[in-house]
Amino acid sequence: MSPPDLSVKVGELTFANPIMPASGTFSEDLSDVFDLDVLGAHVLKTIMHGKRAGNPTPRVCDLQGGMLNAIGIPSKGIDDFRDRMLPYWSAYKAPLVVSISAHSMDEFARLAAEVSLPGVAAIEANISCPNIEADGNAFAMRPDTTAEVMRRLRAETDLPLWAKLTPNTGEPVAVAMAAEAEGADAIVTANTALGMSIDVRTRQPRLGNVMGGMSGPAVKPIALRMTYQCAHACRVPVIGCGGIATLDDVLEFLIAGAAAVQVGTATFRSPTVMARLIAELSDWMQEQGVTSLGEIIGSVQIPGGEAA
Amino acid sequence: MSPPDLSVKVGELTFANPIMPASGTFSEDLSDVFDLDVLGAHVLKTIMHGKRAGNPTPRVCDLQGGMLNAIGIPSKGIDDFRDRMLPYWSAYKAPLVVSISAHSMDEFARLAAEVSLPGVAAIEANISCPNIEADGNAFAMRPDTTAEVMRRLRAETDLPLWAKLTPNTGEPVAVAMAAEAEGADAIVTANTALGMSIDVRTRQPRLGNVMGGMSGPAVKPIALRMTYQCAHACRVPVIGCGGIATLDDVLEFLIAGAAAVQVGTATFRSPTVMARLIAELSDWMQEQGVTSLGEIIGSVQIPGGEAA
Amino acid sequence: MTLIPSILSVPPSPGVTARCAEARAIVLSNMPVNGEYRLLTLDAPAEVLDCAPGQFFQLLCPVPEGEHPFLRRPMSIYGYDAHAGQLQFLYKIAGAGTRGLATLRAGDTLNVLGPLGQGFTMPDAWQNLMLVARGVGLATLAPLARMAQQQGRSLTAICSARSPELAMSVDLFRSYGAEVIVVHDEDGSSEVPALEALIEARIAAGRVDAFYTCGSRRLLTMLQGLGQKHGIPGEIAMEQQMACGLGMCQACVRPFREGNEVVHRRVCREGPVFSISEAIA
Amino acid sequence: MTLIPSILSVPPSPGVTARCAEARAIVLSNMPVNGEYRLLTLDAPAEVLDCAPGQFFQLLCPVPEGEHPFLRRPMSIYGYDAHAGQLQFLYKIAGAGTRGLATLRAGDTLNVLGPLGQGFTMPDAWQNLMLVARGVGLATLAPLARMAQQQGRSLTAICSARSPELAMSVDLFRSYGAEVIVVHDEDGSSEVPALEALIEARIAAGRVDAFYTCGSRRLLTMLQGLGQKHGIPGEIAMEQQMACGLGMCQACVRPFREGNEVVHRRVCREGPVFSISEAIA
Ligand SMILES: Cc1cc2nc3c(=O)[nH]c(=O)nc-3n(C[C@H](O)[C@H](O)[C@H](O)COP(=O)(O)OP(=O)(O)OC[C@H]3O[C@@H](n4cnc5c(N)ncnc54)[C@H](O)[C@@H]3O)c2cc1C
Ligand SMILES: Cc1cc2nc3c(=O)[nH]c(=O)nc-3n(C[C@H](O)[C@H](O)[C@H](O)COP(=O)(O)OP(=O)(O)OC[C@H]3O[C@@H](n4cnc5c(N)ncnc54)[C@H](O)[C@@H]3O)c2cc1C
Ligand SMILES: Cc1cc2nc3c(=O)[nH]c(=O)nc-3n(C[C@H](O)[C@H](O)[C@H](O)COP(=O)(O)O)c2cc1C
Ligand SMILES: Cc1cc2nc3c(=O)[nH]c(=O)nc-3n(C[C@H](O)[C@H](O)[C@H](O)COP(=O)(O)O)c2cc1C
Ligand code: FES
Ligand code: FES
């Protein structure tokens, strides 16, 4: 029997399998541990236009079933991307997804144009990073600011453009639909949830930045809910992200409607996890007689039809 | 040495200690397990005006570090409250907090008037229950609807009025300030976070209602963040709620600025937990030489002054 | 294999008690039985041993590697012995929680909450009892059989299983003086028409004053039909997903007939034992 | 008590290697030593044993009851022996993760990720080495002392501790041919002025080509001053909260002087060993 076909389509792009890293939890350093070309795609840490230091330390702390981070976006800037990172990643077969962000629409648009280079397969617009502006504000908090920034980005690039949403908004579906209406080719659900932790002995916040983004299994139900909501509301594909660590987690997001998934925090606990998930998914498909992931994606059974 | 003073003030009310149950996770049935008069206050399951069945089963499922529920608000209505519950709870010394909710402003206001009876110490307005309306919508999702409903409630009752917030809003601070501006005497942070879980074997949602509210340790960092944000933005006291299970959790919320805390899901894992937390808090104060909780509440140390 | 639950001190009249406690029990043994099931025997403190047949416990299951059961898991009391300080559960591995239970070794501790719920009743008028059960439902009915013997009732136990070898508690029920009838899927004797004929014959012979059953929808519907036709009452132990187990959260409701109305009752508090005529399959 | 880490196969020239693996190791022993510390000895596969002094592992700590360490915890390699297939860590119980480590018994498995980071260098020009350390920092420097001996360097080890009994690795350093000087808080000999005078005397005697240290800000500032004054280079192993340990997340940065600039470097990737002159206390 031929090995099962793990490939998925995300808009016009085809990936060899649905497993890719989440932005900010992946770098060339992981090639020490496994061959990065087994991945469906490579998604890089968000870059911004200029050089930036990032947030004060401590930048991470752990939680029950997850972690908080307030890394910020330390960035070596666009030149380093073009001259050093792009050539490095272009040597791989796996398609390259470049995550970008900015504080202003103008800078965001300019960066989109500048990273639209041969070797880049798609741009992920990080319109959701809760660390960029105070108290978790980001473009993706509101449909109107989302629409505006996506329109500007769309005007600057012909590459597939993904919008990465935040769970901190009260209206994720409206935000996803605004992104879609302005030409997003895919929706990524989601970035981290704004949280806080205090060391009761020192009475200090555990993060130098006071608040930070929560990730890992603890946020999975929230990310899954957003994935389901957006997959039902949007025509463009949705990429699930949040707390994925096991084969069951991957299947859960695919069943909810995700066309592919991103794995972040799980790589910190087990750097080989993505390679293992791909192998396990292949074995599972073979065992279950599933020949294509089209049979799984969006196959959730809602009792009595549509969701409440 | 005299035992430490655990009492806290929440607006004009004084509670013997800062530990009280969260609405919906407590009932007279718990008196099988310990003497309910040790609690700082009694907070009842939300009541609505008429009789209601609640949501389809399964109504709960568990998660890593927490659970989802979509109980809905099965309610025996106002008559049952007045005739049966109020006399039962009035026999206790601990102050009684009655949680109310409604689908419309009119009904909400009417219910506030109807529950303003002798024996009721405060009203908790559940303006945040994600199960009441589709997709997590609730009054507390927006400052304007919050302001309107709180204004209506304030007009109908002279009792202390608490507003229970939702973590599903993108603007919790604005919502808290709107509630305060319209006369809320305290803010409760927070209700459950909207989530989802799918059984990958049956491909069905694990809840009959498809989506539901997440609670337990997994949501603690989000609830703590909201508690900190609201305690810094509001003059009225904030009551912390979300994932509290240990003495360190209680201290973490008090340090963040909570005047008292509510314990929900932890009671399901250990029905004696609230009684234990009160004893542990007393022991801890004695050990540390803390004579009053005023020394702890809001004592978070922000490096370099205020938060980002 | 025969499982003898240690029920030495069933109270003569099973006064339903609502009192319960959270306690640490110590594992005495945790053995596989019959391939599919495991028997967990605990050394438990007196405060949790005032049990009645049909009641249950909420167990805080250990965390098996890579899984995260969070809520307690409900388990019927299979055996209890206040005198010996022992408590037993018979369980089937279904998911994370029961896989966690399966990791317990002698000497480990287990946090138990119970006894919970309302047990079976056995009015004086019910002298000839018929017990119909399948699978892990037998765990729930075993202490009932013991109680029937102690109260001098006549008992017929119909044990339904996939194959005759899997009909677990045959010897146990026999040791309680029951007449045991094994029906199974292999020869079709467990199918409703065959079962119904079998029971009709007993009823005709005046051998059935009341039914006891548990779990299966199919058996419930059948017994409701027979009960209505012949005016035979009975009780059923039901299941539902639970959170608190104490009556606080309203997770575990099921619909029941109350006159012309359908009402919700909590399986953990008003149940898990209900009148067969009021239950809805 | 003397702790002999099993370092039998230190590579003569510690070629810095970036390769690492995630592996399951088996606990051989996990013993308390000296009250405050514990020594964990693992049976580890060859793929993780190509180590150099100063490198570290990320340990996936077991979950102690009631606590939930989530991220891996970084631990310096205390001993490694590719030949015997052994790996050792010396740790102090600080919180949930190390409390989890303390629960390990012989035969348990532990998921380890390593070796990680850049170890110490030992250029030929550095013949007379001075090692200054306190507390658990000694764990990091122990394999370095062994390497110094193997490469025939002269070594002075200043062990700083709260009281003389707590100066843990005295005998160990001696066994590597080091001259060991114990300074402690009780007689004030561990205070900076006293220490500085002591080291100045050795420098005057031409006994110090390079310093090695780890951890403490106070010691770093002092050694930077002495190094600058006398033109003596050196290396320091530093710490920072980590998430990935591999260089991906940028959690573990610290500021360093690079010419006139201050730059961020990742402790897990560019470090944990850095030049003393570039480090910022
Ligand atoms: C009052 C009562 C008494 C019970 N007595 C016994 C007993 O004596 N022996 C025994 O083996 N089992 C008994 N059960 C069922 C037992 O509680 C479930 O099998 C167990 O909770 C499954 O947990 P898990 O983590 O292993 O599996 P999960 O992964 O939680 O579930 C596996 C499957 O079982 C279903 N399930 C889970 N919990 C329940 C529940 N509370 N009720 C019904 N279905 C459920 C799930 O939907 C899923 O399909 C009883 C249930 C109730 C309500
Ligand atoms: C490269 C490196 C090598 C190390 N080698 C050793 C060693 O050989 N032996 C040893 O006992 N310890 C060593 N440490 C420190 C050790 O990693 C921490 O003590 C441990 O992570 C604490 O985890 P915990 O869960 O027990 O405590 P936590 O509850 O996580 O923390 C307890 C205290 O330690 C602090 N802390 C936690 N993690 C770190 C960290 N990574 N760096 C600095 N402080 C931290 C916390 O802020 C807190 O104040 C090393 C650290 C690094 C970065
Ligand atoms: C340390 C860390 C750094 C991150 N940096 C970024 C980033 O630069 N850009 C971005 O879009 N998301 C970033 N994220 C969010 C992740 O891409 C992902 O959306 C989130 O962590 C949820 O997935 P997970 O639970 O699998 O980690 C970061 C997450 C972590 C933990
Ligand atoms: C089963 C269940 C039922 C709940 N019902 C209500 C309710 O009726 N009204 C309300 O305001 N909150 C309700 N909540 C939310 C809790 O009061 C609390 O805000 C939330 O669970 C977070 O706290 P916890 O993590 O300590 O449980 C319910 C929570 C659970 C788990
Ligand atoms: S399980 Fe909570 S009411 Fe029954
Ligand atoms: S810990 Fe992730 S970069 Fe160092």
Side-chain angles (χ1 to χ4, degrees), chain A residues 21-34 36 44-46 51-76 197 199 201 206-208 212 214-218 243 245 264-273 275-276, chain D residues 16-24 47-48 50 57-61 63 66-74 94-97 100 111-118 238-256 261-270 280:
Chain A
S23 176
T25 65
F26 177 73
S27 72
E28 59 270 36
D29 305 286
L30 193 60
S31 65
D32 283 356
V33 185
F34 68 90
L36 301 185
L44 305 188
K45 169 82 183 168
T46 300
K51 288 196 186 178
R52 295 163 45 83
N55 285 327
T57 56
R59 289 178 168 186
V60 290
C61 73
D62 66 2
L63 304 171
Q64 182 164 348
M67 63 178 284
L68 286 179
N69 89 78
I71 305 289
I73 307 201
S75 173
K76 294 196 175 139
S197 180
D199 184 326
R201 268 145 288 270
R206 287 188 198 270
L207 295 179
M214 192 175 156
S215 60
T265 303
T267 292
F268 299 165
R269 277 176 56 93
S270 176
T272 50
V273 68
R276 209 163 53 236
Chain D
V16 159
T17 168
R19 298 224 48 119
C20 64
E22 184 184 348
R24 283 205 157 211
E47 46 177 351
V48 301
D50 187 7
F57 274 74
Q58 282 269 74
L59 308 182
L60 196 58
C61 303
V63 174
E67 296 188 289
H68 305 88
F70 180 81
L71 296 169
R72 288 174 180 264
R73 297 295 194 264
N111 180 308
V112 303
L113 168 68
L116 298 166
Q118 314 300 328
M238 302 191 89
E239 296 194 0
Q240 184 57 284
Q241 299 278 6
M242 292 185 178
C244 72
L246 282 166
M248 301 185 286
C249 72
Q250 316 234 39
C252 65
V253 296
R254 293 184 69 106
F256 291 88
E261 272 186 297
V262 170
V263 297
H264 273 150
R265 293 186 192 148
R266 296 165 297 183
V267 170
C268 75
R269 192 80 190 182
E270 283 84 45
I280 296 179

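These numbers come from a predicted model, not from an experiment. Note on naming: letters A, B, ... go to the chains in the order of the sequence lines (proteins, then strands), and numbering restarts at 1 for each one.
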> Between G247(D) and S27(A), what is the shortest heavy-atom contact and its length?
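Of all heavy-atom pairs spanning G247(D) and S27(A), the closest is O-OG, 3.8 Å.
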> Quick check on Q58(D) against chain A: is it the side chain, the backbone, both or neither that has a heavy atom closer than 4.5 Å?
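Interface part for Q58(D): neither.
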> Grab the two heavy atoms, one from C249(D) and one from I71(A), that are nearest each other, plus how far apart they are.
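Closest pair (atom of C249(D), atom of I71(A), distance): O-CD1, 3.2 Å.
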> Distance check, rounded to the nearest 0.5 Å: R269(A) atom CZ versus E22(D) atom CD?
10.0 Å
> Relative to chain A, which segment of V253(D) carries a heavy atom at a distance below 4.5 Å: side chain, backbone, both, or neither?
both
> A251(D) versus chain A, heavy atoms under 4.5 Å apart: side chain, backbone, both or neither?
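Both parts, backbone and side chain.
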> Relative to F268(A), does R72(D) satisfy both conditions: NZ or CZ under 6.0 angstrom from the six-membered ring centre, and within 45 degrees of the ring's axis?
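Checked: cation-pi criterion not met.
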> Which atoms of L60(D) come close to chain A, meaning under 4.5 Å heavy atom to heavy atom: side chain ones, backbone ones, both, or neither?
side chain
> So for T265(A), is it side chain, backbone, both, or neither that comes closer than 4.5 Å to the heavy atoms of chain D?
side chain
> To the nearest 0.5 Å, what is the distance between OG1 on T25(A) and CE on M248(D)?
7.0 Å
> What distance do Q241(D) atom CD and T57(A) atom OG1 have between them, rounded to the nearest 0.5 Å?
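It comes to 8.5 Å.
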> In terms of heavy-atom proximity below 4.5 Å to chain D, should T272(A) be classed as side chain, backbone, both, or neither?
both
> Chain A heavy atoms under 4.5 Å from L71(D): which part of the residue, side chain, backbone, both or neither?
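Both parts, backbone and side chain.
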